[in-house]
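Note sheet for the following structure.
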Amino acid sequence: MIRSDILKDIAPILRDQLVVCNIGLPSQELHMIDDQPTNFYMLGTMGLSSSIGFGLALAQDKKVISIDGDGSVLTNFGTLPTIANNVADNFILLIIDNGSYGSTGDQPTYAGKRTSLAAVARACGCENVVEVPAADTKDALQAAIDGDKMTIIVSKCESGNIKVPVITMDPVVIRDRFMKAVQA
Amino acid sequence: MSINTKIVDDLVANDISFVTTVPCKQLAGVIDEIDTRPGVLHVPSNKEDEGMGLCAGAWMGGKRPAIIMQNTAIGVTINTLATLIQYYRMPLPMLISYRGELREPVACQVEMALHTKALLAQMNIPTYHFHKQSDAQELDMILKYTFMCNKPVAILTDANFWGGYGDQ
Ligand SMILES: [Mg+2]
């Protein structure tokens, strides 16, 4: 399975949740598969999906799912100690780990080599860290949503991309409809 | 009233309830003061761009945010300011310790000080420079202005504002 297969698989669960989605292809794929006002698409700023989602989770009570990538977590490693030390049980970080920088041409990341993001998250003090094969992502995500405990899911999948259109929605429109969905 | 109390009183009076910090010696008193206020959630961040991500999320979640950091962070956060805070039009007061200005004892700090205002100007970020403690009278207005226009706004506070370092 590649990232877009996982997104197709979990789209029915994501539908009712607040989702902050990583820059580039992940946002474009989610937007194509099931655009929802509850989705916040990152159009820039690589690495901050977990930080934006975590800030949102700390500020209000609804569940928040940040969809991140291995390359993006590597670029913002400081996020993991922050998450670990300010626990928000309405926060789920889903790291889709395809071992490559997918949006830029599938250059390998260190997460696909010797570095385990799950082990790093645990070392940073995160308590509920699960690593699953791609096919089990849907069940792991549902369990995390049902569990009411802050959870980090590392979903290991193959690298590869599908053809998707870019998101042409204005950022202020994305943000405004997302904020209305947060308040609804 | 101490300047730290005055600054944090203004943050609280403007409904700021989420603050992230990357510390600076000059800002230690403000950060301590924030930790005495139960209505303000203080989440230290490890890097200032991470902190701006937290602030963006907190704001979308209904809390008014602020970030407290050194001016060296302008070099770290240009991309985040442009593609997150400005692009999605979000308010972000940035209380900035302006190192490398008058009464600075560490020469290297001058290097980023020289670029700070030029970078902020290049980014079209409204910028205020507190050089003496009476300048802080404007803080309340600056905060209101920030949340009126939904922009990042820089408040530079130099060593002279904080009373300098010992005999410097
Ligand atoms: Mg990847």
Side-chain angles (χ1 to χ4, degrees), chain A residues 18-20 22-24 38-64 66 68 72-73 75-88 90-91 124 169-184, chain B residues 15-23 31 34-35 38-69 73 76-94 123 147 149-152:
Chain A
L18 299 177
V19 176
V20 175
N22 193 21
I23 180 179
T38 46
N39 294 345
F40 181 79
Y41 304 113
M42 292 180 65
L43 303 173
T45 341
M46 181 176 176
L48 295 189
S49 173
S50 60
S51 304
I52 296 168
F54 190 59
L56 176 64
L58 289 169
Q60 52 82 56
D61 293 332
K62 287 182 182 171
K63 292 226 157 84
V64 179
S66 278
D68 221 331
S72 290
V73 170
T75 214
N76 184 22
F77 253 166
T79 192
L80 293 169
T82 303
I83 291 168
N85 287 280
N86 299 274
V87 173
N90 59 339
F91 182 65
C124 289
M169 212 184 318
D170 189 275
V172 180
V173 172
I174 294 172
R175 189 266 284 164
D176 186 63
R177 70 173 197 162
F178 183 71
M179 286 178 74
K180 286 180 176 131
V182 171
Q183 286 157 17
Chain B
D15 287 329
I16 289 168
S17 57
F18 184 95
V19 175
T20 189
T21 58
V22 175
I31 296 170
I34 283 166
D35 283 333
V40 181
L41 180 60
H42 174 207
V43 180
S45 45
N46 296 302
K47 216 169 178 190
E48 297 85 353
D49 55 344
E50 181 207 353
M52 289 185 184
L54 293 170
C55 287
W59 184 65
M60 292 195 290
K63 280 186 183 288
R64 283 184 166 193
I67 188 165
I68 295 180
M69 62 191 198
V76 175
T77 56
I78 295 281
N79 178 55
T80 303
L81 285 163
T83 65
L84 181 65
I85 306 300
Q86 291 180 321
Y87 197 44
Y88 289 86
R89 208 183 303 148
M90 298 177 173
L92 185 61
M94 303 184 287
M123 299 292 290
F147 292 101
C149 63
N150 282 357
K151 292 180 187 299

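Computed from a predicted structure; not experimentally measured. Letters A, B, ... mirror the listed sequences (proteins, then strands); counts begin at 1.
With a 4.5 angstrom heavy-atom cutoff, B:Leu41 touches chain A only via side-chain atoms. Looking at A:Phe77, neither its backbone nor its side chain comes within 4.5 Å of chain B, counting heavy atoms on both sides.
For chain B, the option among A:Pro171, A:Ser49, A:Gly53, A:Gly44 with the highest count of heavy-atom pairs below 4.5 Å is A:Pro171. Of the residues considered (A:Met46, A:Gln60, A:Met179), A:Met179 shows the highest number of contacts with chain B, using heavy-atom pairs under 4.5 Å. Counting heavy-atom pairs closer than 4.5 Å to chain A, the top residue among B:Thr20, B:Asn79, B:Val43 is B:Val43.
With hydrogens and angles ignored, the 3.5 Å screen pairs no side-chain donor or acceptor of B:Tyr88 with any backbone N or O of A:Ile174.
Using modelled atom types and a 3.5 Å distance limit, the side chains of A:Thr45 and B:Thr83 yield a donor-acceptor pair.
For the atom pair A:Leu48 CG and B:Thr80 OG1, the distance stands at 5.0 Å (nearest 0.5 Å). Of the inter-residue distances, the one linking B:Ser45 atom OG with A:Asn86 atom CG reads 10.0 Å to the nearest 0.5 angstrom.
Scanning both residues, A:Arg175 and B:Arg89, for their nearest heavy atoms gives NH2-O, 2.7 Å. When all heavy atoms of A:Ala59 and B:Ala58 are compared, the closest pair comes out as CB-O, 3.5 Å. When all heavy atoms of B:Phe18 and A:Leu58 are compared, the closest pair comes out as CE1-CD1, 4.0 Å. Nearest approach of A:Thr79 to B:Glu50, heavy atoms of both residues: CA-OE2, 3.6 Å.
A 4.5 Å side-chain heavy-atom check between A:Ile52 and B:Met60 finds at least one atom pair inside the cut-off.
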